[in-house]
Q: 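Before we start, here is the structure in question, set down as structure tokens.
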Amino acid sequence: MTHFSFEVAYRRDKARIGTLETPHGCIQTPVFMPVGTQGTIKSVLPSDLWDTGTRIALSNTYHLYLRPGAETVKAAGGIHSFMNWPGAVLTDSGGFQILSLGHLLSLNDEGVTFRSHIDGRLIRFTPEDAVQAQLDIGADIIMPLDQPSPYPASFNEAKEAAERTVRWARRAKNVDVPARQALFGIVQGSVYPELRQGCAADLMDIDFPGYALGGLSVGEPKEVFYEITEATTSVLPDSKPRYLMGVGHPVDIIEGVLAGVDMFDCVLPTRNARHGRAFTFLGPLNLKNARFAQDNAPIEEGCDCHACQGFSRAYIRHLLQAEESLAWTLLTLHNLRFFQRFMNSLRRALQEGSQLNFLEKMRKLYP
RNA sequence: GGAGAGGUACCCAAGUGGCUAAAGGGGGCAGACUGUAAAUCUGUUGGCAGACGCCUUCGCUGGUUCGAAUCCGGCCCUCUCCA
């Protein structure tokens with residue numbers, strides 16, 4: 001398979017179940033993609049990542065471009081062989097990082113100028129550069145440079161950012177991208193439905209194989225977040241995958257899926273793992289808590305992840321206290337497996353028509 | 001036996017008359033984390049109380065003083081050096 005395609009197999013109201021075909025495997029949607037910013041899902045082996053059920057992971061153009069350099073990844077045969085990961089990869093463009101890292105010097109239609117957070121050197125980055133870097137890196141799905149709006153943003157600020165995002169997307173689209181890579185469009189527009197829908201319409205005119213919703217879950221009220229998500233998916237083409245960037249929280253994922261979103265990514269399972277928090281179907285657990293000191297049960301009874309096969313809460317708590325890296329590894333594997341089991345449950349709930357019950361259950365467990 | 005230095009909260013360690021329930025670390029306890037500059041950040045850490053507060057603490061003990069972790073006497077203990 002050398003091309004990209006998306007097919008919806010099942011619908012329940014606005015929600016869809018489908019398959020995403022990439023040169024590196026077929027992916028069931030709705031899908032959760034763990035984040036491996038620097039070309040690694042922190043603390044786990046790719047083979048163990050595979051065993052969690054993960055089939056597509058994120059990496060970041062911004063970070064790889066700065067270090068080791070896109071040409072280095074290219075010379076290694078691309079990101080898949082470089083990181084020894086047989087599954088699919090999506091690279092984020094770095095628009096979000098350049099804005100959030102606080103070293104931005106200037107941003108105009110031409111592109112962005114910023115200082116590297118690694119060595120402070122001056123970097124000029126255009127929408128064409130972002131695509132070119134991703135051609136070198138070789139991810140299956142690549143993202144154009146975009147300009148997310150922080151929250152809160154005025155209507156005019158959001159409008160300007162959304163319009164620039166469209167102009168940049170058009171330039172990105174003009175770069176020749178091989179058939180084995182799919183360049184998505186990113187919808188911006190902050191919390192203004194008309195901006196979101198206008199931005200989506202403009203991107204649809206350019207025509208992308210998939211559309212992302214960016215700049216959400218950045219501090220706006222949840223209801224606003226959900227409304228904007230739905231307002232945006234409602235105008236996006238039914239036949240193309242929708243990707244809600246940076247989300248997220250289990251409840252937000254369900255809300256997204258119910259609004260018609262197919263793809264999600266988030267650092268929550270991996271970062272929280274490194275901070276001692278485990279996701280379970282009985283609610284979150286902070287394994288650092290003293291109450292687990294002599295608890296010899298697995299993290300979650302009935303979980304089939306590597307960590308739950310013989311490792312106890314007491315042992316993991318000990319590893320956390322001792323700052324042993326095996327703690328981050330075990331909790332990361334557990335959390336990533338939880339997110340995959342969670343997505344499986346969500347797909348099953350959709351097919352059974354019990355998605356609202358599932359939403360209520362997760363709301364109670366993860367308020 | 002002689003000479004010096006020192007004993008502060010769970011640990012290390014500031015403080016040398018009132019602004020000190022006592023800086024700062026560490027450790028402990030708890031919380032946050034949504035396209036990862038995140039193995040990070042925040043709060044808390046004598047007792048009781050929801051709070052105003054109250055009570056007890058700086059080796060022990062007795063003094064000086066309106067007031068002492070801080071000054072003085074005695075005692076106990078630790079470390080270093082010399083015999």
Side-chain angles (χ1 to χ4, degrees), chain A residues 32-44 56-64 66-67 89-104 114-120 130 139 141-151 165 184 186-188 211-220 222 225-226 229 243-256 261 263-279 284-293 317 319-332 335 339 366-367:
Chain A
F32 176 80
M33 309 179 283
V35 181
T37 304
Q38 311 211 62
T40 171
I41 306 293
K42 293 185 198 299
S43 88
V44 300
I56 177 169
L58 228 75
S59 197
N60 197 290
T61 307
Y62 168 81
H63 297 263
L64 296 176
L66 293 181
R67 182 173 57 194
V89 175
L90 181 154
T91 38
D92 184 21
S93 66
F96 186 80
Q97 280 63 42
I98 290 164
L99 290 174
S100 66
L101 297 188
H103 281 74
L104 185 71
F114 62 96
R115 287 201 177 277
S116 160
H117 72 272
I118 297 166
D119 55 12
I141 300 172
I142 65 179
M143 305 302 293
L145 192 66
D146 65 326
Q147 186 187 348
S149 291
Y151 180 82
T165 294
F184 278 26
I186 303 178
V187 180
Q188 292 294 346
Y211 296 90
L213 287 73
L216 281 168
S217 198
V218 290
E220 73 281 10
K222 290 276 181 178
F225 165 35
Y226 300 150
T229 301
Y243 163 29
L244 183 50
M245 306 183 81
V247 174
H249 189 96
V251 171
D252 296 345
I253 289 177
I254 301 175
E255 292 280 6
V261 175
M263 303 165 67
F264 302 85
D265 80 278
C266 192
V267 303
L268 225 43
T270 48
R271 179 188 287 165
N272 280 11
R274 277 175 275 119
H275 297 169
R277 316 281 305 205
F279 286 88
L285 251 40
N286 184 348
L287 270 302
K288 288 195 284 195
N289 287 173
R291 65 195 170 105
F292 297 118
R317 172 179 145 83
L319 295 176
L320 286 166
Q321 298 289 83
E323 296 185 64
E324 283 290 341
S325 68
L326 183 57
W328 343 133
T329 298
L330 293 173
L331 278 167
T332 299
N335 282 352
F339 268 68
Y366 292 91

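Proteins come first, then strands; the chains are lettered A, B, ... in the order of their sequence lines, and each starts at number 1. All values below come from the heavy atoms of this structure, side chains included, with hydrogens, waters and symmetry mates left out.
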Q: Do A:Leu90 and A:Met263 have side-chain heavy atoms sitting under 4.5 Å apart?
A: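 Side-chain contact under 4.5 Å: yes.
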Q: Can you list everything that forms a side-chain hydrogen bond (donor to acceptor under 3.5 Å, both in side chains) with A:Thr229? Sequence neighbours excluded, please.
A: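 With sequence neighbours excluded, A:Thr229 shows a side-chain hydrogen bond (donor to acceptor under 3.5 Å, both in side chains) to no residue whatsoever.
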Q: Among all residues two or more places apart in sequence or in another chain, which pass the ring-ring contact (aromatic ring centres under 6.0 Å, His included) test with A:Tyr62?
A: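 A:Phe114, A:His117.
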Q: Could you tell me the separation between the CZ atom of A:Phe32 and the C1' atom of B:U36, rounded to a whole number of Å?
A: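 Interatomic distance, CZ of A:Phe32 to C1' of B:U36: 12 Å.
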Q: For B:G17, what is the paired nucleotide under Watson-Crick or G-U wobble rules, both distances under 3.5 Å?
A: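 Base partner found: none.
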Q: Can you tell me the Watson-Crick or wobble partner of B:C52, both distances under 3.5 angstrom?
A: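 Paired with no nucleotide.
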Q: Suppose you measure atom P in B:C54 against the same atom in B:G73; what distance do you get, rounded to whole Å?
A: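 My reading of the P atoms in B:C54 and B:G73 gives 35 Å.
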Q: In whole angstrom, give me the gap between the C1' atoms of B:G46 and B:C58.
A: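 Those two atoms are separated by 12 Å.
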Q: For atom C1', what is the distance between B:A21 and B:G15, given to the nearest Å?
A: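 Each nucleotide's C1' atom is 14 Å from the other's.
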Q: What is the distance, to the nearest angstrom, from the CD atom on A:Gln38 to the P atom on B:A37?
A: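 A:Gln38 atom CD is separated from B:A37 atom P by 9 Å.
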Q: Could you give the distance separating B:U8 and B:G35 at their P atoms, to the nearest angstrom?
A: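 My reading of the P atoms in B:G35 and B:U8 gives 47 Å.
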Q: Whole angstroms only, please: what is the CD1-C1' distance between A:Ile118 and B:U36?
A: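 Going from CD1 in A:Ile118 over to C1' in B:U36 covers 13 Å.
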Q: Can you list the residues that meet the side-chain hydrogen bond (donor to acceptor under 3.5 Å, both in side chains) rule with A:Ser43, with sequence neighbours excluded?
A: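 Here the qualifying residues are A:Thr332.
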Q: Which donor-acceptor pairs under 3.5 Å do the side chains of residues 245-255 of chain A make with protein atoms, sequence neighbours left out?
A:
unit_1: A:His249; atom_1: NE2; unit_2: A:Tyr366; atom_2: O; d: 3.1
unit_1: A:Asp252; atom_1: OD1; unit_2: A:Lys222; atom_2: NZ; d: 2.9
unit_1: A:Asp252; atom_1: OD1; unit_2: A:Tyr226; atom_2: OH; d: 2.6
unit_1: A:Asp252; atom_1: OD2; unit_2: A:Lys222; atom_2: NZ; d: 2.7
unit_1: A:Glu255; atom_1: OE2; unit_2: A:Arg363; atom_2: NH2; d: 2.5

Q: If pairing requires Watson-Crick or G-U wobble contacts with both distances under 3.5 Å, which nucleotide is the partner of B:G4?
A: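 Looking at the geometry, B:G4 pairs with B:C79.
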Q: Mind checking whether A:Pro269 and A:Phe32 have side chains closer than 4.5 Å, heavy atoms only?
A: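 Yes, at least one pair of side-chain atoms sits under 4.5 Å.
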Q: Provide the closest heavy-atom pair for A:Ile141 versus A:Ile56 in the form atom of the first, atom of the second, distance.
A: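 Shortest heavy-atom separation between A:Ile141 and A:Ile56 comes out as CD1-CD1, 4.1 Å.
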Q: Using Watson-Crick or G-U wobble geometry with both distances below 3.5 Å, tell me the partner of B:G27, or none.
A: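 Across all strands, the one nucleotide that pairs with B:G27 is B:U45.
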Q: Who passes side-chain contact (heavy atoms from CB on, under 4.5 Å) against A:Thr165, sequence neighbours left out?
A: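 Partners of A:Thr165 under the side-chain contact (heavy atoms from CB on, under 4.5 Å) test: A:Asp146, A:Gln147, A:Gln188.
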Q: Within the 4.0 Å heavy-atom criterion, would you say A:Thr270 contacts the bases, only the backbone, or no part of the nucleic acid?
A: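 Here A:Thr270 touches the bases of the nucleic acid.
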Q: Using atom C1' of each nucleotide, how far apart are B:C12 and B:C75 to the nearest Å?
A: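 Looking at atom C1' only, B:C12 and B:C75 are 28 Å apart.
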Q: If we take the C1' atom in both B:G17 and B:C66, what is their distance in whole Å?
A: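 Straight-line distance between the two C1' atoms is 12 Å.
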Q: Rounded to whole angstrom, note down the P distance from B:G47 over to B:U57.
A: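 These two P atoms come out 15 Å apart once rounded.
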Q: On a whole-Å scale, what distance lies between the P atoms belonging to B:G26 and B:U40?
A: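 Nearest-Å result for B:G26 against B:U40 at atom P: 11 Å.
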Q: Which letters describe nucleotides 26-35 of chain B, given B = protein heavy atom under 4.0 Å from base, S = only from sugar-phosphate, - = neither?
A: --SSSSBBBB
Q: From CZ of A:Arg67 over to P of B:U36, roughly how many Å is that when rounded to an integer?
A: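 Atom-to-atom, A:Arg67 to B:U36, this comes out as 15 Å.
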Q: May I ask which nucleotide in the shown strands pairs with B:A32, Watson-Crick or G-U wobble, both distances under 3.5 Å?
A: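 Pairing partner, where one exists within any strand: B:U40.
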Q: B:U64 pairs with which nucleotide, Watson-Crick or G-U wobble, both distances below 3.5 Å?
A: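 Check on B:U64: unpaired, no WC or wobble geometry under 3.5 Å.
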